[in-house]
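Below is one structure, written out as structure tokens; comments come after it.
Worth saying up front: this structure is predicted, and the values here are computed from it rather than measured.
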Amino acid sequence: MRRYRVLIVLSYYHPYISGVSEYAKHLGELLAPHCDVTVLTGRHDPALPEHEVLNGVTVRRAPASIFLHKGYLSAALARDFRELVRQHDVVNFHLPMLDAAWLTSLIPRSTPVISTYQCDVQPVGGLLDRVAVAAVNVASRRILRRSDRIVVLSLDYAGGSRILRGFEHRLMEGYAPIRDTGASHRTPNASPVIGFLGRFVEEKGIGVLVDAFAKVLHRFPDATLRLAGDYANVAGGSIYPQIRPAIDALGPRVELLGRVDDEGIARFYAGLDVFVLPSINAYEAFGMVQVEAMLAGVPVVASDMRGVRVPVEKTGNGWLSPPGDSDALASTLVAALEARGSRAPETIRQAALDAFANDVFIAKYLGMVQQLAS
């Protein structure tokens, strides 16, 4: 079978961790046994190499020129894109991406385009932030018009996106490729443990979670909240300084783990009774980490938002709570802790595998690549 050449383009890539970067990383590595995969991304950290091969994927990083909102502009990225796009059979953009607006004009007419639309963006600051978000949305609409296929993490999320309006005929539901740390043969902890994994950014709702956990302690005074994820090197800025007083007030009942490496992820999930994803806005479109937790046999509490609710609804592996409501989240977490152990880890894992198998996901992507490039 012919090995097609796929160019994946996005703003941030490993070792930067976000839902967008992790989706692209897993996708590239799953495609690599079947295709020649190159990732073109920004060199947001000058310490990173310009070229390297990671798990079969060729990574090329262009230095950023100007940072705006959570993105950046890069003349070098446009230069590299002009060169690479002519060497590949299919180009796959991961949106939102500010640079996509002018990269579109550099794509040869004969080159098919797949856009993976990860999430909507919305302003969280002042005038400059609103201008940057408007520019990102214009860029997204422009590349979507050029796209032959548009992959969305769920049709549930896409149905509420005004950026995707008018492109319904090109949409394909792609969910997300999921890191599987393996089954965790575990029993409930003597003292309940709740876990969160993600960047310390506004959309994750960590402040709401900390407030809710303070209320959970009225029912489970020996409970522990483990917060894992990068709270320092975050594009657009970390919210840790704002929520630190509330975390510190809970003393040893909150464990701040920081960034957890790949080897530590399995141990992190294995130590939990409940995983929580308390997202509060449209930047969160799916939440791959909640499926990772399910694959480790851990039930989930997630926000009842478009896209984010899909894993719980499709698997039955958890509970949903209104976004941004700390009282409701506390009540839901209490219910989840009271029910811990009621569903076997093996049952939770199998339900997640049935709904979100990576082989089904990658077969869809390969089918698109083969159809468009042939």
Side-chain angles (χ1 to χ4, degrees), residues 13-15 17-34 37 54-57 153 174-199 224-230 255 257-277 286-302 308 310-319 336-337 339-366:
Y13 191 71
H14 186 82
I17 295 179
S18 70
V20 176
S21 64
E22 287 295 283
Y23 187 117
K25 179 177 183 290
H26 297 324
L27 170 63
E29 292 173 2
L30 288 169
L31 283 175
H34 314 281
V37 182
L54 295 173
N55 298 322
V57 176
L153 278 67
Y175 295 133
I178 306 298
R179 171 177 49 196
D180 187 353
T181 62
S184 173
H185 301 290
R186 51 180 302 282
T187 56
N189 296 299
S191 298
V193 179
I194 300 167
F196 164 87
L197 173 62
R199 293 167 301 131
T224 297
L225 173 62
R226 292 180 181 158
L227 300 175
D230 198 340
E255 298 177 2
L257 305 183
R259 181 167 175 169
V260 181
D261 61 23
D262 289 344
E263 293 182 0
I265 291 291
R267 293 193 299 272
F268 169 74
Y269 288 130
L272 304 182
D273 293 296
V274 177
F275 180 83
V276 60
L277 186 66
F286 184 79
M288 293 183 288
V289 287
Q290 60 178 320
V291 183
E292 288 182 6
M294 292 176 187
L295 288 172
V298 182
V300 169
V301 170
V308 179
V310 169
V312 168
E313 289 182 341
K314 289 188 71 68
T315 64
N317 283 340
W319 298 261
L337 292 177
R340 60 196 176 119
S342 61
R343 197 172 199 198
E346 296 79 8
T347 302
I348 295 172
R349 173 177 170 80
Q350 190 58 54
L353 285 172
D354 291 344
F356 302 108
N358 277 344
D359 56 349
V360 175
F361 165 85
I362 204 63
K364 284 186 176 182
Y365 252 89
L366 279 172

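Taking the side chain as every heavy atom from C-beta outward, Val276 and Ile194 approach each other to under 4.5 Å. Looking at heavy atoms from C-beta onward, Leu295 lies in side-chain contact with Ile178 at the 4.5 angstrom threshold. Two residues are said to be in side-chain contact when any heavy atoms from C-beta on lie closer than 4.5 Å; Tyr365 and Leu30 fail this criterion. In this structure, the side chains of Phe275 and Val193 stay at 4.5 Å or more apart for every pair of heavy atoms. Using a 4.5 Å heavy-atom cutoff, the side chains of Tyr175 and Val360 are not in contact. The shortest distance between side-chain heavy atoms of Trp319 and Val312 does not fall below 4.5 Å. In this structure, the side chains of Phe356 and Pro177 stay at 4.5 Å or more apart for every pair of heavy atoms. Counting heavy atoms from C-beta on, the side chains of Leu353 and Met294 never come closer than 4.5 Å.
Put simply, the side chain of Glu292 never gets that close to the backbone of Ala266: no donor and acceptor are under 3.5 Å apart. In this structure, Arg349 contributes its side chain and Ala344 its backbone to no donor-acceptor pair below 3.5 Å. The closest donor-acceptor contact from the side chain of Thr315 to the backbone of Pro311 lies under 3.5 Å.
In this view, Phe268 satisfies the ring-ring contact (aromatic ring centres under 6.0 Å, His included) rule with no residue, not counting sequence neighbours. For Glu29, the side-chain hydrogen bond (donor to acceptor under 3.5 Å, both in side chains) partners two or more places apart in sequence, or in a different chain, are Lys25, Asn55. Arg340 pairs by the salt bridge (Lys or Arg N to Asp or Glu O under 4.0 Å) definition with Asp273, not counting sequence neighbours.
The distance from the CZ atom of Arg179 to the CE atom of Met288 is 8.5 Å, given to the nearest 0.5 Å.
Closest heavy-atom contact between Ala336 and Val301: CB-CG2, 3.8 Å. Scanning both residues, Gly271 and Arg226, for their nearest heavy atoms gives O-NH1, 3.4 Å. The minimum heavy-atom distance linking Pro15 with Arg259 is given by the pair O-NH2, 2.5 Å. Scanning both residues, Gly264 and Asp261, for their nearest heavy atoms gives N-OD1, 2.7 Å. In terms of heavy atoms, Val37 sits closest to Gly28 at CG2-O, 3.9 Å.
Exactly one of Leu225, Leu272, Leu337, Thr224 qualifies for a side chain to side chain contact (heavy atoms under 4.5 Å, CB included) with Pro192. That residue is Leu337.
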Verdict with reasoning, Tyr23 to Phe361, per ring-ring contact (aromatic ring centres under 6.0 Å, His included): CA-CA 12 Å; Tyr23 187 117; Phe361 165 85; 5.8 Å; yes
